[in-house]
Structure formats: structure tokens, C-alpha cells
Participant: 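Quick one: the structure is below, questions incoming.
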Amino acid sequence: MKHYYVTTPIYYVNDAPHVGHAYTTLACDVLARFMRLDGARVHFLTGTDEHGQKVEKAAAAAGMTPQAFTDKVSQNFRALAKALNISNDDFIRTTEARHIKSSQAIWRAIAANKSPKGRDNIYLGKYAGWYAVRDEAFYGENELVTGPDGKKRAPSGAEVEWVEEPSYFFRLSDWQDWLIAYYETENPGFIGPVSRRNEAISFVRQGLTDLSISRTTFKWGVPVPDAPDHIMYVWLDALTNYITAVGYPDTKTDLFSIFWPADLHMVGKDIVRFHAVYWPAFLKAAGIAPPQRVFAHGWWTVEGQKMSKSLGNVVEPNALIARYGLDPVRYFLLREVPFGQDGDFSHAAMVRRLNTDLANDLGNLAQRVLSFVAKNAGGAVSQPGALTAADEKLLGAARNLLPAVRAELAEQLFHKALDALWQVVGDANRYIDEQAPWTLRKTDPARMSTVLYALTETLRRLGLLLQPFMPDAMAKLLDQLAIPADARDFAAFERALVAGTALPAPQGIFPRYVEEGEATAGKGGQKGR
RNA sequence: GGCGGCGUAGCUCAGUGGUAGAGCAGGGGAAUCAUAAUCCCUUGGUCGGGGGUUCAAAUCCCUCCGCCGCUACCA
């Protein structure tokens with residue numbers, strides 16, 4: 001049986017969920033749903049990252065223990081997944097016992113092995129430098145700016161403090177050659193898109209320095225094995241979630257043996273380095289296979305501006321869903337922008353996609369076909385006669401969509417998959433106009449029947465393939481085509497509609513978005529007569 | 001500073017040597033099954049500027065301008 005393991009990053013608990021989180025999770029959800037329908041056993045993981053000094057401080061500020069604080073805010077991300085109709089199989093929290101155990105196990109495994117140059121992978125040293133709690137990162141002296149208040153700040157604007165403490169280091173510098181070989185020879189498709197791959201390669205090529213992987217100045221983290229004064233660096237802890245969730249350190253379980261290495265870690269472009277450089281090195285050092293692929297998507301701006309708390313323009317997923325509906329939002333986010341590039345979320349663009357692609361092109365196609373069948377073909381699947389070249393062409397285009405969409409999604413090209421699907425939506429609209437069943441009704445009822453059959457069959461295939469993107473809307477469409485529950489996966493893609501099957505009364509799937517205050521007659525948009 | 005990318009129709013972008021493309025927006029028409037939806041036709045670009053190679057350049061080379069990403073660092 002095919003299998004597919006896809007992960008979102010674990011989200012930092014004290015962030016408020018915004019459209020960026022929704023985007024990442026949504027992309028994974030579409031892949032997970034597609035693979036399940038395509039017959040794969042799927043494990044889809046998301047969760048929350050709950051350790052680190054920032055969380056410790058936020059909890060203190062809220063007058064709570066870190067555990068109570070994270071118990072509370074972690075719910076925000078479970079709620080987000082629910083609101084987006086996400087089909088994750090597991091939700092991991094880094095504060096869970098299974099994860100503490102797993103993180104300590106990977107530490108021990110890394111420490112037990114030698115680097116490619118025969119040295120210890122982990123050694124005790126001392127770290128001294130400027131540290132920004134907010135960024136969870138160290139900065140060089142020269143990067144800092146001194147503000148008018150006399151405080152030193154990182155380029156990000158975060159306050160920094162001088163930190164000098166004993167620290168364990170990971171001998172990343174010895175892994176450079178192995179990483180390059182992994183990117184270029186062993187797994188050329190490891191990082192996508194290509195622009196990010198090039199950046200990662202050039203970063204590794206210029207030389208790697210050893211990485212500080214423990215801290216002693218705060219407590220909220222996973223204790224380093226046999227060194228209780230130290231807690232593990234948040235990123236080593238966080239990345240390990242991907243193997244925790246499939247049972248590590250118990251590598252003999254079904255979960256681990258079936259699903260590891262992961263097929264895809266979906267990430268935002270800001271965390272490519274952690275996933276594409278540190279993570280494979282940590283894993284290899286621990287004697288564990290690295291993941292198959294890391295894909296970094298872009299950022300959303302809003303109405304042309306960067307999203308930020310200070311601008312007050314952070315887009316909350318719930319607000320979008322309330323305004324436009326869940327499935328239109330899901331569609332928009334994956335259709336509007338070439339996946340991997342940055343994009344802009346604007347009300348105008350959202351409405352354009354909703355009204356043009358969903359209401360006019362697809363929704364209206366379904367409505368005109370199904371209501372015609374209801375009124376003029378006895379409300380049942382029509383009996384086809386001999387097929388003409390035009391019929392074959394439409395049906396063939398619809399049939400070819402499965403391999404086409406499968407190929408695009410194998411490379412996370414959501415926008416291209418949707419574009420291919422909409423080509424056929426257009427084909428069907430052209431076909432119905434050319435065949436004009438409303439004329440055939442009077443002149444050639446048998447031919448009309450064949451035309452309606454070809455159209456409903458095309459709708460069936462479109463509905464099946466669009467389920468991963470818009471599960472609720474496509475369930476409605478497939479209901480209206482009387483497709484039984486056991487005929488909605490891709491194994492049933494060739495199981496054509498049966499003539500004579502009664503169809504329920506058609507209902508609109510995608511209502512048009514009408515601006516507030518705009519009359520139902522529209523304003524000046526009327527063409528022709 | 002180094003490496004890389006981008007700059008093509010009003011907007012978003014595709015197109016990597018051989019007569020400039022798509023979607024949306026704009027204009028005209030057809031049809032009337034349908035969510036005032038659909039279909040057809042159409043306006044529109046000296047492909048950032050300049051120079052070069054070539055029979056031929058959006059496409060290759062040089063240079064300049066503008067924007068962006070990664071990364072390094074200076075006095």
C-alpha cells in the first residue's frame with residue numbers, strides 16, 4: 001500500500017493564529033486528502049511548539065505556570081484546524097511525555113555517534129554572545145543597533161541581552177560535505193522550490209559553524225540527558241516532533257517503519273534553514289534517515305501591505321471564513337498565487353475568484369446542467385447514445401485530469417492543479433453552448449440525452465478531484481449527482497454514472513458574493529442585453 | 001560586499017533564438033438552459049534603458065537603472 005507522511009511546522013503557542021498559519025496547514029490538508037482518496041495510507045501531523053524562554057516569560061506575565069499557559073493557548077491552534085476543516089491524524093504538543101522521551105533519545109543517539117570526521121557529535125563548550133529572547137536567536141555585535149533608550153536591539157527590533165553560559169554544541173561543521181552530497185546527489189528534490197534550494201546550498205557551501213544546542217539560563221524546555229542544568233535548544237526539541245509523532249524512539253512500530261522518512265515537511269520560507277540544513281544533519285548524526293522533501297511556501301501581504309500587529313492588519317482566518325465561506329477561502333489561497341511565491345490577499349481579488357471561478361464558472365455550470373436535467377430529463381441520469389467526437393473530447397479531457405492533478409500535486413503545484421481543473425470547467429461551458437441541449441430538446445431528444453450524460457459525467461470527475469480543495473462544497477455537488485459514499489475515492493474515478501439513477505433537486509453550491517449596499521441587480525456590470 | 005532572482009498588455013503572470021501569449025479588467029456581438037451566469041470576436045505591449053553577437057534576441061553576452069531574496073562584513 002502506498003503511504004504518505006506530511007507535516008506542518010509546529011506553531012509557536014503564543015502566536016495568535018493568522019492567515020499564514022492557515023495557509024501552511026491548508027496546503028498540507030489538500031495533499032493529505034488527495035493522497036487518501038488516491039489510495040494511500042496517510043499520516044498528517046500538525047501541532048504546537050511550547051518550549052522556550054519566550055513562552056516561559058509570557059506565562060509569567062500572564063500569572064500562570066508555563067504548563068497551564070500552554071495548555072490554554074495550544075487550544076487556539078486546535079480550534080484553527082477545526083475551523084479550516086483540517087483532516088490531521090495527530091496533533092502533537094512538545095510538552096507531551098512522548099515528546100520529552102523522544103527528544104532525549106535523539107540527543108543520546110546523536111551523542112553516541114561520531115561525526116563524518118570521526119569526532120564527537122556533541123561536545124561541551126561555552127557560549128558568549130548577544131541573544132534576543134523574542135527571536136530565539138543570537139546576533140553578532142555588529143548587527144546590533146543601539147536605540148534612543150540606550151538598549152541594544154537586533155535588526156528585527158528585538159531587545160538583546162549579553163549571554164555567557166556553558167553550552168553543548170553540535171558539530172555541524174563536520175556535516176558540510178555530507179549535506180552538499182545529500183542535496184546534489186542523493187536527493188536532488190529535497191528542497192523546493194528551486195530558489196530556496198539554491199539558497200540553502202549556498203549557505204552550506206560557505207561553511208558551517210558548530211551549533212549551540214543547550215541553554216542553562218532558563219528552565220522551560222526538555223532537560224538534556226545526564227546534564228540536568230541544561231535544557232535542549234528549542235529548535236532541536238521542535239524539529240524532533242516529526243519523529244516523535246511516528247513513535248520514536250520505538251523504531252520497530254508500524255507507524256515508524258511505514259511513515260518514516262516523512263514524505264514532506266511543509267514550511268514557511270523563514271524556517272528553511274532549520275529544516276533543510278540542521279534537521280537532516282541532526283537525523284543523520286542520530287543514525288536516522290532524513291526526510292524526503294522540504295517545501296517552503298511564501299508569505300501573504302494584505303492589500304499590498306506587510307501583515308503586522310502594529311499596522312493592525314493581521315488577517316484572522318475566522319474573519320475570512322465568516323465573510324467569504326470556508327471553501328472559497330481554501331480555494332483562493334491555493335489558486336491565487338503560484339505556490340512557493342509571495343502573494344497578496346485583497347478583498348477585490350478574493351471576490352473576483354469567488355464570483356468568477358466558483359460562482360460563474362463552476363457553480364453555474366453545475367446549476368445549469370443539473371436544473372436542466374431536473375426539468376427536461378426526468379430528474380435522473382440520462383441514457384447516452386453513440387458518442388460524437390465532441391463528446392469524446394470533453395470526456396477525455398475530464399478523464400485525463402486525474403493523472404494531471406496527481407503530477408502537479410506531487411510537486412506541490414496547487415495553482416497548476418487547479419488551473420488544469422478549470423480548463424475542463426471551461427471546456428464544459430463551451431460544450432454546453434455548442435451542443436445547446438435546449439434546442440435538442442425539441443429536435444433530437446436522444447442526442448440531448450447523450451449531451452446531458454457527458455456533462456454530468458464531467459461534473460462527477462471534477463467533483464471527485466476537487467474534494468481535497470473544497471470538501472464541503474464538493475460533497476454537496478456529489479450528493480446532487482447521487483454518488484454513493486463508496487464511489488467518491490479515486491478508485492471509483494472510472495465508475496461512470498448509471499443511466500436512470502434518480503438525482504435530487506439541484507441547489508446552488510457557490511452563491512455570488514454581493515457587496516453590502518449593492519443592489520441585487522448589480523451595478524453596471526450588465527453586458528449584452 | 002558576495003551569491004541568486006526579478007523587471008513582458010491597465011492588473012497578475014506564462015513564454016529561454018525563428019512572425020509577441022493567458023487569465024482578469026475594458027469594448028462589441030450571440031444565445032437564453034443557468035447563480036444578470038455562458039459562448040464568440042475584439043482594443044491594448046518599441047518584452048526596464050543602452051550597446052553587442054546572430055540571417056534572426058523577450059530569449060545569448062556586456063553595461064546601466066529599479067526591485068527582491070539569501071549571506072557576509074566594514075569603519
Participant: In this structure, how many angstroms lie between the P atom of B:rU35 and the CZ atom of A:Phe372, rounded?
Facilitator: 14 Å
Participant: Is A:Arg512 close enough to B:rA37 that one of its side-chain N or O atoms is under 4.0 Å from OP1 or OP2 there?
Facilitator: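 Yes, such a contact exists.
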Participant: Could you give the side-chain donor-acceptor pairs of residues 458-473 of chain A under 3.5 Å, partners two or more places apart or in another chain?
Facilitator:
| residue | atom | partner | partner atom | Å |
| --- | --- | --- | --- | --- |
| A:Thr458 | OG1 | A:Ala454 | O | 2.8 |
| A:Arg460 | NE | A:Glu457 | OE1 | 2.9 |
| A:Arg460 | NE | A:Glu457 | OE2 | 3.3 |
| A:Arg460 | NH1 | A:Ala492 | O | 3.1 |
| A:Arg460 | NH1 | A:Arg495 | O | 3.1 |
| A:Arg460 | NH2 | A:Glu457 | OE2 | 2.9 |
| A:Arg460 | NH2 | A:Phe493 | O | 2.6 |
| A:Arg461 | NH1 | A:Phe493 | O | 2.9 |
| A:Arg461 | NH1 | A:Glu494 | OE2 | 3.2 |
| A:Arg461 | NH2 | A:Glu494 | OE1 | 3.3 |
| A:Gln467 | NE2 | A:Leu464 | O | 3.1 |
| A:Gln467 | NE2 | A:Arg488 | O | 2.8 |
| A:Asp472 | OD1 | A:Asn85 | ND2 | 3.4 |

Participant: What residues form a side chain to side chain contact (heavy atoms under 4.5 Å, CB included) with A:Asp391, not counting sequence neighbours?
Facilitator: A:Leu387, A:Thr388, A:Tyr431, A:Arg447, A:Thr450
Participant: A:Pro261: what forms a side chain to side chain contact (heavy atoms under 4.5 Å, CB included) with it, not counting sequence neighbours?
Facilitator: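 Partners of A:Pro261 under the side chain to side chain contact (heavy atoms under 4.5 Å, CB included) test: A:Ala289, A:Gln292.
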Participant: Under the ring pair (Phe, Tyr, Trp, His ring centres under 6.0 Å) rule, collect the residues that match up with A:Phe274, sequence neighbours excluded.
Facilitator: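 Testing A:Phe274 for ring pair (Phe, Tyr, Trp, His ring centres under 6.0 Å), a comparison that skips the adjacent residues, returns A:Trp235, A:Tyr278.
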Participant: Could you say whether A:Gln206 or A:Ile509 is positioned toward the 5' end of RNA chain B, judged by the nucleotide with the nearest heavy atom to each?
Facilitator: A:Ile509
Participant: Using the side chain to side chain contact (heavy atoms under 4.5 Å, CB included) criterion, which residues pair with A:Ala410? Sequence neighbours excluded.
Facilitator: none
Participant: Side chain of A:Arg352 only, heavy atoms from C-beta on: which candidate in B:rU38, B:rC24, B:rU32 is closest?
Facilitator: B:rC24
Participant: On the nucleotide B:rU38, are OP1 or OP2 found under 4.0 Å from the side-chain N or O atoms that A:Asn360 carries?
Facilitator: yes
Participant: Counting neighbours of CD on A:Glu316 that are heavy atoms of other residues, nucleotides or ligands and sit closer than 6.0 Å, is the number greater than 12?
Facilitator: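 Atom CD in A:Glu316 is not packed in, count stays at 12 or less.
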Participant: Using a distance-only criterion (donor-acceptor N/O pair, under 3.5 Å, no hydrogens), is the base of B:rA34 paired with the side chain of A:Asn364?
Facilitator: yes
Participant: Taking only the P atom of each, what is the distance from B:rA30 to B:rG15 in whole angstrom?
Facilitator: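 Here B:rA30 and B:rG15 have their P atoms 38 Å from each other.
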Participant: Tell me whether the OP1 or OP2 atom of B:rC70 has a side-chain N or O from A:Lys269 closer than 4.0 Å.
Facilitator: no
Participant: Using heavy atoms to find the nearest nucleotide of RNA chain B for A:Arg273 and A:Lys375 separately, return the residue whose nucleotide is more 5′.
Facilitator: A:Lys375
Participant: Convert the base pairs of RNA chain B into dot-bracket notation, remembering that pairs crossing earlier ones are written with [ ] and that bases paired across to another strand are shown as |; include only Watson-Crick or G-U pairs under 3.5 Å.
Facilitator: ((((((((.[[[[.)..(..]]]].(((((.......))))).....[[[[[..)....]]]]])))))))....
